[in-house]
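The next block holds one structure in the form of C-alpha cells; read it before the comments.
Numbers for residues simply follow the sequence, beginning at 1. Atoms within each ligand, like the ligands themselves, are counted from 1 in listed order.
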Amino acid sequence: MNEAIDYQKAIPSSKRFGNVLAEGAERKETLIQPRAGVALTNEHIKLLQFLESEGEADLLPTTVDSYTRLNRYTEAENGIAKSIETGRSMLNGFPIVNHGVEVCRSVTSVLKKPVQVRHGTPDARLLTEISIAGGFTSYEGGGISYNIPYSKAHSLEKTISHWQYTDRLVGWYEEAGISINREPFGPLTGTLIPPCISNSVAVIESLLAATQGVKDITVGYGQCGNLIQDIAAIRALTKTTRDHLDKFGFNDVRVTTVFHQWMGGFPQDEAKAFGVISWGAAAAALAKATKVIVKTPHEAMGVPTKEANAAGLRTTKQVISMLKDQDHREVPAVLTESNIIEEETRCILSKVEELGKGDYAIGTVAAFEAGVLDIPFAPSKYNAGKVLPARDNLGAIRLLEMGNLPFTPELKAFHRTKLEERAKQEKRPVSFQMVIDDVYAIGKGFLVGRPR
Ligand code: 8ZB
C-alpha cells in the first residue's frame, strides 16, 4: 500500500482523471472518451497513443477483457499466449490482473491523458488493487450496475459487499491524499432503460461509495434518443445525486456526469452509424454532460479498429465543439420532463430507504427482491424482470409494464396516456410488439419502431 501510495502521489495533476474532469466541468466543456483495450501491452500502448493523437481524446480508457471480468485468469493467460502466437489480439480487452502492476505502470505512465479502467466485473477486488497500484486514476463499476446487467447468478449481497471493498480501498487512498475518480455504470443493460431506473441505481451506488470514503464520483446515463428526455435525464441525475449526497452529509463529494452515446443496437452501415454517434454527441453537449463515452462506426460488428475508434472520436469532437455555446438544460420542455424523472426517482429511492430502514445496501437487496428496483432486460435471477419499457409517440422511453415500481397513481396514468397516444397514431393496441419493434428500430434506421 505505501509503495502504491507513493507511486500515485508522483502522478502529475494533469494526468489525474478527477482533476481533468473538474477542469472540464468548470469550463462547461464536454470531454470525450473512447473505449479501448487489446491483449498485448505494446499494442495496447500504441492503440491508446493513437486515440490520443489521431482521435483527440481528452480522457483514455483501458477496457478489460471478458475472462478477467469473470475472474478466469488461466483463460486470460492462454489468450495472451495465443495473441503472441497469432500476432493479433485474441482477447477483447487488456488483461490487467495477468499483466500485473509494473506492466500497468508502463501503460499509464507513457500516456499524456488520464486513464480509467472500464470493465464489467461482479467481483473486482483483485482487479481494483492492481489497477490503482498500476497508476490508473479512475475506476468504473458498482455492486448493482456491474452485477444485474452483466450476470445471471451473482447474489446482490455478495456483489454489494465486493464493491464496498473496492470503494473502501479508494477511500483508503483518499485518506492518504490521493483522489481516485469512481464511476458507476449508468446505462445498465443499455436497452430502453427509463431514466428514473438508471438514475436511482446511480444515486444508490454514489451513496454506497461515499459511505466507504469515495470523494469523486461521475454518475452516468445512456442515451435514449429523444433529445428532451436525454437532456432532462442528465439534469435530473445531477440534481438527485447532489441532493442525496448532501442529505447524508457527503457535501464534500465531487459529482460530475457522463453521457453514453446510444448503447443499443447500431446500424451496420458505417455512414449511418456516424449519424447515431453525432446525435449522441449533440445530446451530450446540449445537456452539458461533463464527458461523453463515444461509440464507433464498427459498433454493429464488434471490437473496433483503432482507425474506426478515432473516427468516432473526431465526429464527436466536431459536434461538441460546434455546440459548446448552447445549453438546453433550462428549456421549458426539459424542465417539465426533468421534474417527472425527479419525482419517479424520488418514489423509488424513498422506498429503498424505507425497506432498508435507512441503510441503502440492505434496502437495495430488499428492493430488488420486491421488484421496487427492476432493470429491463437484465439476465440476473435476482432481478424481478417485470418492468417493460416502450417509446411514446415522440420517442421518449415510457413504461408499458410498471411491475412493482412504487409510482403514484398519477405517474402510472402518465405513462399509460403517453403510450396510448402512440397506439392511436399507429392504429394498434399498446402491446409487447411495440417493445420488440423499439429494440430493433435504431439498427434499422428509426427511433420509434412503427409498424410498416
Ligand atoms: C458495456 C459496454 C459495451 C461497449 C465496447 C463494445 C460496446 C468492449 C471493447 C470495446 C473497444 C474493446 N467494447 N470491449 N470497445 N475495445 N476492447 O463496449 O463495442 O460498444
Side-chain angles (χ1 to χ4, degrees), residues 32-41 43-52 54-55 57 59-70 76 79-80 83 88-96 98-99 107 115-122 124 127 139-142 144-151 183-193 198 201-202 220-223 258-268 270 273-274 276-277 280-281 291-313 315-316 375 377-379 442-443:
I32 65 170
Q33 182 182 7
R35 298 184 173 92
V38 288
L40 302 180
T41 308
E43 281 62 31
H44 186 59
I45 291 173
K46 276 188 228 147
L47 168 61
L48 295 185
Q49 286 177 328
F50 188 83
L51 298 175
E52 218 168 34
E54 306 304 309
L59 299 161
L60 292 170
T62 284
T63 301
V64 174
D65 70 288
S66 297
Y67 288 130
T68 302
R69 297 182 204 179
L70 297 169
I80 295 173
S83 304
R88 67 188 193 94
S89 181
M90 299 302 278
L91 294 174
N92 63 353
F94 187 71
I96 282 180
N98 290 67
H99 283 314
V107 173
V115 202
Q116 176 189 45
V117 178
R118 303 191 65 86
H119 48 126
T121 311
L127 180 66
Y139 197 75
E140 195 192 22
I144 307 163
S145 62
Y146 268 8
N147 174 355
I148 305 299
Y150 276 94
S151 125
E183 179 187 333
F185 178 59
L188 303 176
T189 59
T191 310
L192 303 176
I193 301 291
S198 46
V201 172
Y221 164 78
Q223 181 185 14
V258 49
F259 185 93
H260 291 253
Q261 289 177 353
W262 177 244
M263 292 293 287
F266 254 66
Q268 293 206 357
E270 295 191 19
F274 281 120
V276 179
I277 290 168
K291 69 171 184 178
V292 55
I293 303 282
V294 173
K295 286 281 180 172
T296 80
H298 285 175
E299 177 59 22
M301 276 70 81
V303 174
T305 61
K306 62 184 192 309
E307 290 79 10
N309 211 331
L313 284 164
T315 300
T316 302
I375 299 176
F377 309 109
I442 288 189

* Just by distance, do the side chain of Ser145 and the backbone of Gly141 share a donor-acceptor pair under 3.5 Å? ->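 Checking the backbone N and O of Gly141 against the side chain of Ser145, no donor-acceptor pair under 3.5 Å is found.
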* Taking only residues two or more places apart in sequence, or in another chain, which ones meet Thr63 in a side-chain hydrogen bond (donor to acceptor under 3.5 Å, both in side chains)? -> none
Ligand 1: protein N/O within less than 3.5 Å of ligand N/O:
residue  : atom   : partner : partner atom : Å
ligand 1 : 17 (N) : Gly37   : O            : 2.9
ligand 1 : 17 (N) : Asn92   : O            : 2.7
ligand 1 : 19 (O) : Glu299  : OE1          : 3.2
ligand 1 : 20 (O) : Lys295  : NZ           : 2.7
ligand 1 : 20 (O) : Glu299  : OE1          : 2.6
ligand 1 : 20 (O) : Glu299  : OE2          : 3.2

* Nearest 0.5 Å, what's the CZ-OG1 distance between Phe185 and Thr121? ->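 With rounding to 0.5 Å, CZ (Phe185) is 12.0 Å from OG1 (Thr121).
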* List for me each residue that meets salt bridge (charged side-chain N to carboxylate O under 4.0 Å, His left out) alongside Arg69, sequence neighbours excluded, and say none if there are none. => none
* To do: Mind jotting down which residue pairs meet the salt bridge (charged side-chain N to carboxylate O under 4.0 Å, His left out) criterion with at least one end in residues 291-308? Sequence neighbours excluded, please.
  => Glu183-Lys291, Lys295-Glu299
* Let me know which of Ile375, Ile148, Ile144 forms a side-chain contact (heavy atoms from CB on, under 4.5 Å) with Leu188. => Ile375
